[in-house]
Asker: 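Please read through the structure below; I'll follow up with questions.
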Amino acid sequence: MNAEFYNALEALEKEKGISKEYMMEKVEAALTSAFRREVGGAENVRIVLDPVKRDIKVIRLMTVVEEVTDPTSEMTQEQALAAKAEKKAKGRSTRVGSVMEIELNPKNFRRLSAQAAKQVIIQGIREAERTHMVEEYESKKESVITATVDKIDPENGNVILNTGSGYATLLHDEQIPGEEFAVGDRVKVIVTEIHVGESRGPVVTLSRTHPNFVRRLFELEIPEVADGTVKVKNVSREPGSRAKVSVYSEDANVDPVGACIGPRGTRIAPVLAELSGEKIDVVRYSDDPAVYVGEALSPAKVLSVEMENERTCRVRVAPEQLSLAIGKEGQNAKLAARLTGCKIDIKA
């Protein structure tokens with residue numbers, strides 16, 4: 001049974017990434033607690049796991065004294081010498097005040113104690129799994145991961161995804177409007193939040209609607225963004241409909257907008273495909289707020305931008321450009337305002 005026990009610990013470490021040393025600590029604590037409960041106390045008893053010899057020992061610590069008052073925790077110097085001579089005890093010294101280790105050979109734990117130990121061990125496994133899972137997700141926070149659709153809730157539209165580190169839910173509100181999934185589909189999502197509860201595992205928030213999802217897709221699909229030649233300054237979006245992405249480059253010889261779009265839209269095509277038809281306006285970022293606002297209102301052509309203060313401006317466009325600048329239901333102006341952080345007043 002000892003060999004099987006250590007084999008099981010090694011299997012846990014290999015399959016679930018749970019450290020064997022971590023589990024041994026938990027098992028020692030669980031068995032010690034169970035044994036003490038079995039014998040009605042015995043605080044001087046501990047369980048020791050030896051992974052080299054692959055066995056489990058029950059050790060009682062006995063203090064060497066001149067006169068024994070508690071035979072369960074004390075022994076005389078003569079008893080210590082005799083036990084050491086018979087190799088029943090270990091210790092650096094048998095002098096008064098020293099502590100000797102006496103190995104016990106208990107016959108059996110009661111079933112109740114064994115069950116209690118089992119529960120502590122199971123809890124230890126769960127805690128280790130939870131810790132491991134939290135570490136896995138923390139390392140992926142703000143990153144795009146590819147997951148597999150495991151289940152779809154027909155009532156609320158939530159999608160259960162197998163992320164490779166466990167299972168997590170893509171809430172209906174975090175899905176791009178209009179998109180549909182099927183079990184087995186591979187889907188990209190961004191990990192936005194990880195909340196750790198006391199009793200439950202980590203609650204992971206996944207999203208396909210977060211602005212940073214578009215930012216990370218640019219980093220994944222466009223080489224110049226991936227290597228830092230082109231940087232994404234900001235993203236604003238209405239998921240499933242339209243997004244605006246401002247980009248810039250510190251290299252004067254690089255056209256950041258052209259690098260992101262590519263010849264005939266080849267660079268940005270994979271991003272658009274992942275966003276289920278959501279349109280993207282790629283605009284040039286500028287440190288000059290007036291210039292930035294003018295770029296952000298693309299595809300409308302702006303005649304002038306007058307900054308009233310750092311966060312408010314008045315924009316003038318030709319009459320035939322007014323509806324384009326404002327956009328359907330004010331969408332273009334709204335996205336431009338979010339992108340630049342400015343309140344924009346558009347006049348013909």
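Just so it is clear, the values below take in all heavy atoms, side chains as well, and ignore hydrogens, waters and symmetry mates. All values reported here derive from a predicted model rather than from experimental measurement.
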Asker: Does A336 offer a backbone N or O that forms a donor-acceptor pair with the side chain of T340 under 3.5 Å?
Answerer: yes
Asker: So how far is it from K328 NZ to S323 OG, rounded to the nearest 0.5 Å?
Answerer: 13.0 Å
Asker: Test Q175 against every option in L206, V159, T209 by the side chain to side chain contact (heavy atoms under 4.5 Å, CB included) rule and name the one that passes.
Answerer: V159
Asker: So which atom in C260 and which in V230 form the shortest heavy-atom distance, rounded to 0.1 Å?
Answerer: SG-CG1, 3.9 Å
Asker: Suppose we screen for side chain to side chain donor-acceptor pair (under 3.5 Å). Which residues come up paired with D345, at least two apart in sequence or across chains?
Answerer: none
Asker: With a 4.5 Å limit on heavy-atom distance, are the side chains of K141 and E193 in contact?
Answerer: yes
Asker: Can you give each donor-acceptor pair under 3.5 Å made by side-chain atoms of residues 266-277, sequence neighbours left out, with the distance rounded to 0.1 Å?
Answerer:
residue	atom	partner	partner atom	Å
T266	OG1	P263	O	3.0
R267	NH1	E224	OE1	2.5
R267	NH1	E224	OE2	3.1
R267	NH1	A259	O	3.1
R267	NH2	E224	OE2	3.4
E274	OE2	R208	NH1	2.8
S276	OG	E179	OE1	3.3

Asker: Hey, any chance Y22 and V27 share a hydrophobic cluster, counting ILVMFWY side chains that come within less than 4.5 Å of each other, even indirectly?
Answerer: yes
Asker: Is there any salt bridge (Lys or Arg N to Asp or Glu O under 4.0 Å) pair reaching into residues 20-34, and which pairs are they, with sequence neighbours excluded?
Answerer: E10-K20, K26-E127
Asker: If you take all heavy atoms of D281 and S298, which pair is closest and at what distance?
Answerer: OD2-O, 3.6 Å
Asker: Going hydrophobic residue to hydrophobic residue with side-chain gaps under 4.5 angstrom, can you get from V232 over to Y285?
Answerer: no
Asker: Testing the basics here: between P177 and P239, what is the closest heavy-atom pair and its distance to 0.1 Å?
Answerer: CD-O, 3.4 Å
Asker: To the nearest 0.5 Å, how far apart are CD in E221 and CZ in R216?
Answerer: 14.0 Å
Asker: Looking only at heavy atoms, what is the nearest atom pair of S249 and V254, with distance?
Answerer: OG-CB, 3.7 Å
Asker: With sequence neighbours left out, what residues match A243 under side chain to side chain contact (heavy atoms under 4.5 Å, CB included)?
Answerer: R237, E278, I280
Asker: Scan side-chain atoms only and decide if R186 and T146 contain a donor-acceptor pair under the 3.5 Å cut-off.
Answerer: no
Asker: Among Ile, Leu, Val, Met, Phe, Trp and Tyr joined by side-chain contacts under 4.5 Å, find the other residues sharing a cluster with I160 and list them by chain and number.
Answerer: Y167
Asker: Check the hydrophobic clustering (I, L, V, M, F, W, Y; side-chain heavy atoms under 4.5 Å; chains of links allowed) and say if Y292 and V257 are grouped together.
Answerer: no
Asker: Without hydrogens or angle criteria, can the side chains of K244 and N234 be said to hold a donor-acceptor pair below 3.5 Å?
Answerer: no
Asker: Using modelled atom types and a 3.5 Å cut-off, is there a donor and acceptor pairing between side-chain atoms of D153 and backbone atoms of N158?
Answerer: no
Asker: Under the 4.5 Å side-chain heavy-atom rule for ILVMFWY, direct or indirect, which residues accompany V52?
Answerer: none
Asker: Going by distance alone, is a donor N or O of one side chain under 3.5 Å from an acceptor N or O of the other, for Y137 and T163?
Answerer: yes
Asker: Supply the atom-to-atom distance R46 CZ to L31 CG, rounded to the nearest 0.5 angstrom.
Answerer: 13.5 Å
Asker: So among I145, V189, V204, D150, which one has a side chain to side chain contact (heavy atoms under 4.5 Å, CB included) with L161?
Answerer: V189
Asker: Could you state whether F213 and V191 fall into the same hydrophobic cluster, counting links through intermediate Ile, Leu, Val, Met, Phe, Trp or Tyr residues with side-chain heavy atoms under 4.5 angstrom apart?
Answerer: no
Asker: How far does CD of E219 sit from CZ of R215, to the nearest 0.5 angstrom?
Answerer: 7.0 Å
Asker: Can you name the side chain to side chain donor-acceptor pair (under 3.5 Å) partners of E103, sequence neighbours left out?
Answerer: none
Asker: Is a donor on one side and an acceptor on the other found under 3.5 Å between the side chain of T169 and the backbone of L171?
Answerer: no
Asker: Which atom names give the shortest non-hydrogen contact between A296 and L339, and what distance separates them?
Answerer: CB-CD2, 4.0 Å
Asker: Quick test of your reading: applying side chain to side chain donor-acceptor pair (under 3.5 Å), list the pairs with at least one residue in residues 250-265, sequence neighbours left out, ordered by first then second residue.
Answerer: D255-R284
Asker: Please give me the minimum heavy-atom distance between M24 and P51, naming the atom from each residue.
Answerer: CE-CD, 3.6 Å
Asker: Could you tell me which residues satisfy side chain to side chain donor-acceptor pair (under 3.5 Å) with T229, sequence neighbours excluded, listed by chain and number?
Answerer: D227
Asker: Side chains of S246 and E295: is there a donor and an acceptor less than 3.5 Å apart?
Answerer: no
Asker: With rounding to the nearest 0.5 Å, note down the distance linking CD1 in I190 to CG in N212.
Answerer: 5.0 Å
Asker: Considering only residues two or more places apart or on different chains, which pairs with a residue in residues 154-171 satisfy salt bridge (Lys or Arg N to Asp or Glu O under 4.0 Å)?
Answerer: none
Asker: With a 4.5 Å cut-off on side-chain heavy-atom distances among I, L, V, M, F, W and Y, is there a chain of contacts connecting I222 to V245?
Answerer: yes
Asker: Rounded to the nearest 0.5 Å, what separates atom OG in S236 from atom CZ in R242?
Answerer: 10.5 Å
Asker: List the steps and the verdict of salt bridge (charged side-chain N to carboxylate O under 4.0 Å, His left out) for E238 and K334.
Answerer: CA-CA 10 Å; E238 290 194 1; K334 196 185 302 179; 3.8 Å; yes
Asker: Does the pair S207 and E174 meet the rule for a side chain to side chain donor-acceptor pair (under 3.5 Å), with working shown?
Answerer: CA-CA 5 Å; S207 179; E174 298 294 337; 2.6 Å; yes
Asker: Does any N or O in the side chain of D185 come within less than 3.5 Å of the main-chain N or O of V187, such that one atom is a donor and the other an acceptor?
Answerer: no
Asker: Could you list the donor-acceptor pairs under 3.5 angstrom formed by side chains in residues 57-71, with sequence neighbours left out?
Answerer:
residue	atom	partner	partner atom	Å
T69	OG1	E74	OE1	2.9
D70	OD1	T72	N	3.1
D70	OD1	T72	OG1	2.6
D70	OD2	T72	OG1	3.3
D70	OD2	S73	OG	3.1

Asker: Other hydrophobic cluster members with V315, side-chain heavy atoms of Ile/Leu/Val/Met/Phe/Trp/Tyr under 4.5 Å, chained?
Answerer: V293, L297, V302, V305, M307, V317, L322, I326, I344, I346
